[in-house]
Amino acid sequence: MIVKAALGLAGILAWSGASAQSSTQLDSLGDYAWQTRVSTALDYSSGKYGETTDTEIVFVPLTVQAAKGPWTLKGSMAWMSVSGPALILDGTGAGSVGGGTDRTVNGLGDLNLSLMYSLEQLYDQGVYIDLTGRVKAPTASFDKGLGTGELDVAAQFDIAAAAGDFLPFATLGYKWNGSPKNLPLRDVA
């Protein structure tokens with residue numbers, strides 16, 4: 001047991017030492033090969049969401065991201081469990097509204113895809129600008145109340161500028177929401 005623990009610790013130290021390359025080496029590698037990352041999380045929330053009884057939401061996303069040079073591609077889909085009357089509109093619980101029917105449902109959420117372009121030529125001046133396009137493909141079940149069943153599209157502009165020890169930033173975006181029948185949704189800035 002002690003030998004296995006020592007070998008595991010040695011492996012971790014060797015890996016951390018090997019990953020301590022200079023940022024220049026890592027930046028140049030990112031210009032030629034796709035850097036990928038896979039992540040997941042767990043989010044639990046509970047609230048009334050416009051109803052008289054609570055709705056509990058469990059949200060477990062799986063995100064795959066690939067970056068090369070100024071480009072970043074990202075795809076995300078989640079498994080969701082909803083118990084209560086709220087209708088989940090955007091797959092995260094942030095867009096929940098009252099649905100009126102108390103139920104417990106599970107299933108996959110919507111597929112979210114994004115493509116971001118970073119204006120790297122401004123980095124030397126302390127200015128960081130990202131342009132992002134997003135698409136939400138309607139893979140969540142509208143019948144179960146896990147999504148709208150409609151395609152959404154969004155565009156976003158992010159800017160940050162170094163000011164001494166501070167990095168103020170601003171985001172401007174617009175989202176075109178697909179609206180299911182009998183549930184009109186507004187496009188939002």
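In this text, all values refer to a predicted model and were calculated from it rather than measured experimentally.
- The side-chain heavy atoms of F59 and L42, taken from C-beta on, include no pair separated by under 4.5 Å.
- Using a distance-only test at 3.5 Å, with no hydrogens or angles considered, no donor-acceptor pair links the side chain of D152 to the main chain of K136.
- The backbone N or O of E120 sits nowhere less than 3.5 Å from a side-chain atom of S118 that would complete a donor-acceptor pair.
- To the nearest 0.5 Å, the span separating CG on D130 from CZ on F157 amounts to 9.0 Å.
- Between the side chain of K144 and the main chain of V82, no donor-acceptor pair closer than 3.5 Å is present.
- Between the CG atom in D110 and the CD atom in E150 there is a gap of 10.5 Å [rounded to 0.5 Å].
- For the pair V188 and Y174, the minimum side-chain heavy-atom distance is 4.5 Å or more.
- The distance from atom NZ of K48 to atom OG1 of T53, rounded to the nearest 0.5 Å, is 7.0 Å.
- The shortest side-chain heavy-atom distance between L122 and I129 falls under the 4.5 Å cut-off.
- Remark: F169 pairs with no residue by the ring pair (Phe, Tyr, Trp, His ring centres under 6.0 Å) rule, at least two apart or across chains.
- In the hydrophobic clustering of this structure, Y117 groups with I159; members are Ile, Leu, Val, Met, Phe, Trp, Tyr whose side-chain heavy atoms approach within less than 4.5 Å, directly or through other members.
- Look at D187 and K175 and you find no salt bridge, because none of the NZ, NE, NH1 or NH2 atoms lies under 4.0 Å from a carboxylate O.
- At distances below 3.5 Å, not a single donor-acceptor pair connects side-chain atoms of D54 with backbone N or O atoms of S46.
- In the hydrophobic cluster analysis, where Ile, Leu, Val, Met, Phe, Trp and Tyr join through side-chain heavy atoms closer than 4.5 angstrom, L151 is grouped together with W176.
- Counting only distance, with no hydrogens or angles, the side chain of D158 and the backbone of T171 share no donor-acceptor pair below 3.5 Å.
- For the pair R103 (side chain) and G84 (backbone), a donor-acceptor distance under 3.5 Å is present.
- Here R186 contributes atom CZ and S179 contributes atom OG; the two are 10.5 Å apart, rounded to the nearest 0.5 Å.
- Linking ILVMFWY side-chain heavy atoms closer than 4.5 Å, directly or via other members, places L113 and L108 in a single hydrophobic cluster.
- Looking only at side-chain heavy atoms (C-beta outward), V105 and L146 come within less than 4.5 Å of each other.
- The minimum heavy-atom distance linking P180 with L185 is given by the pair CD-CD1, 4.2 Å.
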_Please determine whether side chain to side chain contact (heavy atoms under 4.5 Å, CB included) holds for the pair K68 and Q35, giving the CA-CA distance in whole Å, both sets of side-chain angles, and the decisive distance to 0.1 Å._
CA-CA 6 Å; K68 180 179 179 185; Q35 309 276 313; over 6 Å; no
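- Between L62 and V38 the shortest side-chain heavy-atom distance falls below 4.5 Å.
- Side-chain contact annotation: Y49 with S45, donor-acceptor N/O pair under 3.5 Å present.
- Contact annotation: the side chain of V60 never approaches that of M80 to less than 4.5 Å [non-hydrogen atoms, C-beta and beyond].
- L111 is listed as a side-chain neighbour of T139, based on a closest heavy-atom distance under 4.5 Å.
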Please set out all donor-acceptor pairs under 3.5 angstrom arising from side-chain atoms of residues 70-79, sequence neighbours excluded.
| unit_1 | atom_1 | unit_2 | atom_2 | d |
| --- | --- | --- | --- | --- |
| S76 | OG | T63 | OG1 | 3.2 |

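- Under the 4.5 angstrom side-chain criterion for Ile, Leu, Val, Met, Phe, Trp and Tyr, the cluster partners of Y128 are Y123, L167.
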*Start with the C-alpha distance between V58 and D43, add both sets of side-chain angles, then the distance that settles side chain to side chain contact (heavy atoms under 4.5 Å, CB included), and finish with yes or no.*
CA-CA 6 Å; V58 177; D43 180 65; over 6 Å; no
